[in-house]
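Okay, so here's the structure we're looking at.
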Amino acid sequence: MINSDIEADTIKKRWQDFFDQYDYDDQINNLRSIYPDEKSLYVSYNDISSFDSEFIDNLMDDPVRYMDIGENYIRENIGLYNNRAKRIDVRLIDVPDINGIKYEIRNVRSSNVGTFISISGIIRKNTEVLPRLERAAFKCPACGELTYVQESYQRLLEPIACDKCGYNKGKLKLIPEESEFVDTQKLEIQENPDNIDGTSQPQRITVIMEDDITGKIFPGDRVTISGVLKADQKHLGNIMLTEFNIYLYANNFKKETKDFENIQINDEDERNIKKLSKDPDIIKKLSKSIAPSIYGLEIIKTALVLQLFGGERKLMKDGTKIRGDIHILMVGDPGTAKSQLLRYMTMISPRSVFAFGKGSSAAGLTAAAVRDDFGEGRWTLEAGALVLADNGFVAIDELDKMDERDTASMHEAMEQQSVTISKAGIMATLKSRCSILAAANPKFGRYDPLKGITEQIDFPPPLLSRFDIIFKLIDTPNKEMDGKLADHILKTHQLGEIYKGMENNNVDLNIPQEDEFLPEIEKDMIRKYVSYAKNRIFPRLSHEAIDILRDEYVKTRSSNGDSIPITARQLESTIRLAEAAAKARLSTIVTEEDALLAKSIVDYYLKEVSSMNGKVDIDILNSGISSRQRNELEIVLGIIKELRESKGKSPELEEVMDALQSKGISRDKAETDISKLKAMGEIYQPSDKRIDVLR
Ligand code: ADP
Ligand code: MG
C-alpha cells in the first residue's frame, strides 16, 4: 500500500495501539506533568519496529506526516488539543546504523528528501541559539482580530486574509507579543575524517536543531544525528532559483563517547596484533613500514611511530592536566620529503586531519567566531583543524605561513589542548586534544647551518618550545647518499610505472618486489595496531625507567658549565616518548629500554637544533642564541669597537683576527662569529679588508 493513501485516522489508531502495547502511557502521563519544561517523548525505534515492521517503514518514508499524527495524538492526550503551537516532539532513540537509514554525508541525495535518515560526523560550526516564530499572530487592520499562522523553518508565511472578517485588501500586521517562538540553531556537520582518505575534501551538510535539543552540541563533537532530510529553495534576494539546498531537520542526536573507535578490530586482527607485539624489533619494524618509498630518515620515522602511540594524558588531583600527545616539528630545505611524510602519517593515523598553516577557512588552525552567510546574521562558532582532530592527529604543512591570530591561540591549543573563544554572544572552550606533526620551510628558502633555528623560521620561540621534538632536514650534496637516494627514487618511479601499466592493461603480473618497497606491516594493520594500543594499553613507569630518566636529566644539566642544556620540558617530552615506546610494544610497563630509546631521540634532536660547537644549550631554542655564544659574540663586537676607537677608523680584518686569537678565539670561530654579527646588522665591511661597527 502506498503510505499516503493510508487515512490519518488509521495511522493515529496505530500510534495509539503502539503506545498501549509498549507501555508508553506512563511516559505520556509524566510528560503531562512536566510540560512545558520538557516537550519531548522519547520513543524507541526498536519498539516500533517489533510492534509493526510496516508501520516503521512507512514512518521512515514519510516521517513528517507520521510524526505529526503521533504528536497530535499525544497533544490530545495530555490536554493540549487543537493548539498546534504547543509543541510536542516525538524523538526516536536507538535508530539503527543500517542501509536505507544510515548514510554517509557524501551519499545523501535528492531522492532522500522527505525521508528519515541518520548521518555521523564531526560538528564543524554551530550558531547561537535564537528564537524563531513558531506560531505567528497577525492583526487585522479592519476588525482588529488575530489570525494565527503555523510557521516553519526559514521564510515567513503570511495570511492571505483575516480569519475572522475575511479582509484581504492589505497586509495583516505581525504581533510578536501574541506569537509563540521556538529555539532554533543551525549546525554544520562534516564527514568523519576516518572515513575519508586524508586528501579529498570532506563533505558537509547543514543541520537544523530546534526546541529542547538546541545548545547541546559544539564544534569538534562527534555525533550521529537523525532526522528528516529537507530541501530549501535557493534564492537571490527575492528571486527564487530552481536549485535547492538540502539540510537535515534533526529529530534526535547521539554524542559519540570518547573511546568510540571507527576502526573495527575482529578476533583474527587481535591475534595478529598480539603476535606482532611479541617481536622484539616491533618499533623498528613499524618505523620501516612508514613511508617505505621515502629513503632514510630512520630517526625521524622512529619518532613518528612513537607519536602515533603517544604518551599518557594525566589528570592530577589538583585539576592540572598533563598532555600525553607528542608534538613534532620538521624544519628544513624544500624537497626533503616533509610534505610526503605529513601525507603519509595522515593516512595511517586514526582520526587524522590534514591542514595548511595558512588555512582557507575563517577558523584557521584553532577556532573562530564569525559572522558569515551560514549564520544568516547570527554569530557562528567554527572549528579549525586542531579542534576537528580532537582525540586524534593533525598534520600541518607550511606552519610558518600561519596567521597571526592563530599564533596567539596555538599556545593554549598545544599545551592546555583547548581553544577558548569569547567574542560577541559566543563564549566557549573547545577541546583540541591531538598530537601535531608540523612542517615548516626556512624563512630564506634554505636552512643556514650557521644560524640558529629561531632566526630561520617566522615563528615565536615560545611556541617552538611547545614541540617535543624538532627535526631539521638539510639538503646538502653528498655523493654516496645522493646516489642511494637517487636509486631509491628511480626504483620507486619504475615500480609505479609497472603498476600503472598492469592497471591499464588489466593484468596482474607477479613482479618480484624488492623488500625495501614493501612495508613489513601493512597500512591497515598499522591503523588497527595503533588503535588497539591506544584504547587498551596504559603503561606506567618502572623504577628502572624512573632512575634512568632522573639520573640522565641531572647529569645533562650539570655537565655544561654556564649554559643550560635542557629544562623540565625536555624531561616531560622524554617521558612521553618512553610511554609511547611501551605502548608500541603493547606493554603496560615502561622499561629501561623504552627510556633509553626516548632519551636517544631527544638527545639527537637537541644536538641537531640546539647545540653550538657540540654543546647543547636550550637557550638556542628559546631565544635563538646560546648563552655561551652570546658571550662570545659580545667579546668579538667589543674588540672591534675597541680597535675602532683606538685607531679612529675602521680596523683591518687581520688586526681583528689577531686580537681575537690572543683572547682564545680560533680563526674558524672568529669567521663564523663575524658573519653572524654581519647578519645581525651589528657590523659591516666598508671594504674587502676592513670591518666596522654599525651605529
Ligand atoms: P618538502 O615538503 O620537504 O618540500 P616534498 O615532500 O614535497 O618535500 O618532497 C619532494 C619530492 O622529493 C617528493 O616527491 C619526495 O618523494 C621526494 N623525496 C625527497 N626526499 C626523499 C627521500 N629521502 N626519499 C625518497 N623521495 C624523496
Ligand atoms: Mg612541502
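Atoms within a ligand are numbered from 1 in the order they appear, just like the ligands themselves. Since the model is a prediction, treat every value here as computed from it, not as a measurement.
- Closest of all the heavy-atom pairs between Ile548 and Ala595 is CG2-CB, 4.3 Å.
- The existence of a salt bridge linking Asp269 and Arg527 is excluded, since no basic side-chain nitrogen approaches an acidic carboxylate oxygen closer than 4.0 Å.
- A salt bridge does not link Arg323 to Glu572: none of the charged side-chain nitrogens sits closer than 4.0 Å to a carboxylate oxygen.
- Annotation: ligand 1 has protein neighbours Ser293, Ile294, Tyr295, Asp333, Pro334, Gly335, Thr336, Ala337, Lys338, Ser339, Gln340, Leu485, Ile489, each with a heavy atom less than 4.0 angstrom from the ligand.
- The main-chain N or O of Ser432 is never found under 3.5 Å from a side-chain atom of Gln416 such that the two would form a donor-acceptor pair.
- Between the Mg ion (ligand 2) and Ser339 there is an N/O/S contact shorter than 2.8 Å.
- Put simply, the residue from Val387, Leu386, Val353 that forms a side-chain contact (heavy atoms from CB on, under 4.5 Å) with Cys434 is Leu386.
- Side-chain atoms of Glu191 come within 3.5 Å of backbone atoms of Gln203 as a donor-acceptor pair (strictly under, hydrogens ignored).
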